[in-house]
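So the structure is just underneath, and the comments pick up after that.
Heavy atoms only: backbone and side chains are in, while hydrogens, waters and symmetry mates are out.
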Amino acid sequence: MPKLLFRLRNVPDDEAQEVRELLDENGVEFYETSAGNWGISLPGIWLADESAYPQARALLDSYQDQRAAKQRANYRELRSRGQAPTFWRLLAAKPLVVCLQVLALALLTLLSIRLFPGLL
């Protein structure tokens with residue numbers, strides 16, 4: 001029976017490709033499902049044989065630990081050089097987008113407060 005190993009929703013393309021390569025290199029049979037035409041289905045990597053799950057899960061856990069360590073090191077490097085993404089850098093790069101997002105948050109907050117006037 002098929003078993004879901006890895007959800008692909010909101011996963012960067014490079015990470016998904018590295019997971020595919022990892023499974024291929026270790027001889028783990030898998031197949032993928034997409035989000036479908038409307039994006040409501042479950043995109044993921046599935047194991048064809050449920051008995052391969054412990055091995056595949058161990059490989060994936062090890063890979064994710066290594067990737068997390070690499071990403072944290074990359075972020076520390078960016079911070080040490082003063083190039084890490086911050087609110088102010090994003091505001092400078094995309095002022096219209098940031099202002100619209102802040103405005104939307106303010107409106108949502110106002111609407112939320114207005115729905116419960118007795119709380120103030």
Side-chain angles (χ1 to χ4, degrees):
M1 180 167 190
K3 176 107 173 141
L4 178 64
L5 176 67
F6 188 67
R7 296 174 195 270
L8 292 174
R9 190 173 311 277
N10 300 321
V11 171
D13 291 335
D14 66 318
E15 182 177 3
Q17 185 59 37
E18 288 173 0
V19 169
R20 290 182 199 105
E21 290 169 3
L22 176 71
L23 295 174
D24 279 337
E25 289 169 2
N26 289 283
V28 177
E29 283 189 49
F30 67 93
Y31 63 94
E32 287 185 47
T33 54
S34 70
N37 293 334
W38 295 327
I40 58 174
S41 296
L42 176 65
I45 294 179
W46 297 75
L47 298 177
D49 182 17
E50 192 173 344
S51 64
Y53 184 77
Q55 175 200 5
R57 185 79 250 169
L59 288 169
L60 188 58
D61 289 343
S62 173
Y63 163 76
Q64 287 180 324
D65 289 342
Q66 292 170 4
R67 183 172 173 94
K70 185 173 79 172
Q71 293 298 322
R72 281 192 294 274
N74 184 32
Y75 180 72
R76 281 193 300 273
E77 175 67 26
L78 287 174
R79 278 188 65 192
S80 70
R81 288 186 293 175
Q83 297 174 340
T86 64
F87 175 78
W88 301 112
R89 284 199 179 97
L90 184 59
L91 181 61
K94 299 179 180 183
L96 182 63
V97 172
V98 173
C99 289
L100 289 174
Q101 290 174 339
V102 169
L103 181 63
L105 286 171
L107 285 172
L108 284 173
T109 303
L110 179 65
L111 286 173
S112 298
I113 291 172
R114 301 276 305 190
L115 289 176
F116 303 102
L119 293 177
L120 291 177

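The environment of CG in D65 is crowded: more than 12 heavy-atom neighbours from other residues, nucleotides or ligands sit within 6.0 Å. Within 6.0 Å of CZ in R7 there are 12 or fewer heavy atoms belonging to other residues, nucleotides or ligands. Surrounding CD of E29 are at most 12 heavy atoms belonging to other residues, nucleotides or ligands under 6.0 Å away. When the shell of 6.0 Å around CG of D61 is examined, it contains more than 12 heavy atoms from other residues, nucleotides or ligands.
R9 places a side-chain N or O within donor-acceptor distance of the main-chain N or O of S41, the cut-off being under 3.5 Å. Not one N or O on the side chain of S62 forms a donor-acceptor pair closer than 3.5 Å with the backbone of A58. Distance alone, capped at 3.5 Å, places no donor-acceptor pair between the R20 side chain and the F30 backbone. A side-chain donor-acceptor contact under 3.5 Å links N26 to the backbone of L22.
The cluster map of Ile, Leu, Val, Met, Phe, Trp and Tyr, joined by side-chain heavy atoms under 4.5 Å apart, puts W88 and L90 in the same cluster. Linking Ile, Leu, Val, Met, Phe, Trp and Tyr whenever their side-chain heavy atoms come within less than 4.5 Å leaves V97 and F87 in two separate clusters.
Here L91 contributes atom CG and L96 contributes atom CG; the two are 11.0 Å apart, rounded to the nearest 0.5 Å. Considering CD of Q55 and CG of L23, their distance stands at 9.0 Å, rounded to 0.5 Å. Between atom CD of residue E18 and atom CD of residue Q64 there is a gap of 11.0 Å, rounded to the nearest 0.5 Å. Atom CG of L103 and atom CG of L110 lie 10.5 Å apart (nearest 0.5 Å). Atom CZ of R67 and atom CG of N74 lie 10.0 Å apart (nearest 0.5 Å). Taking CG from D14 and CD from E21, the interatomic distance works out to 10.0 Å, rounded to the nearest 0.5 Å.
Scanning both residues, G44 and L4, for their nearest heavy atoms gives CA-CD1, 4.2 Å. Shown here for L47 and V28, the closest heavy-atom pair between the two residues is CD2-CG1, 3.5 Å. Of all the heavy atoms in P85 and Y75, the pair that sits closest is CD-CE1, 4.4 Å. Across every non-hydrogen atom of A92 and P95, the tightest pair is O-CD, 3.9 Å. Across all their heavy atoms, L60 and L5 have their closest contact at CD2-O, 3.7 Å.
Side-chain contact between Y63 and E15: present, with at least one pair of heavy atoms (C-beta onward) separated by less than 4.5 Å.
Among pairs with a residue in residues 42-54, those fulfilling side-chain hydrogen bond (donor to acceptor under 3.5 Å, both in side chains) read T33-W46, D49-S51, at least two apart in sequence or across chains.
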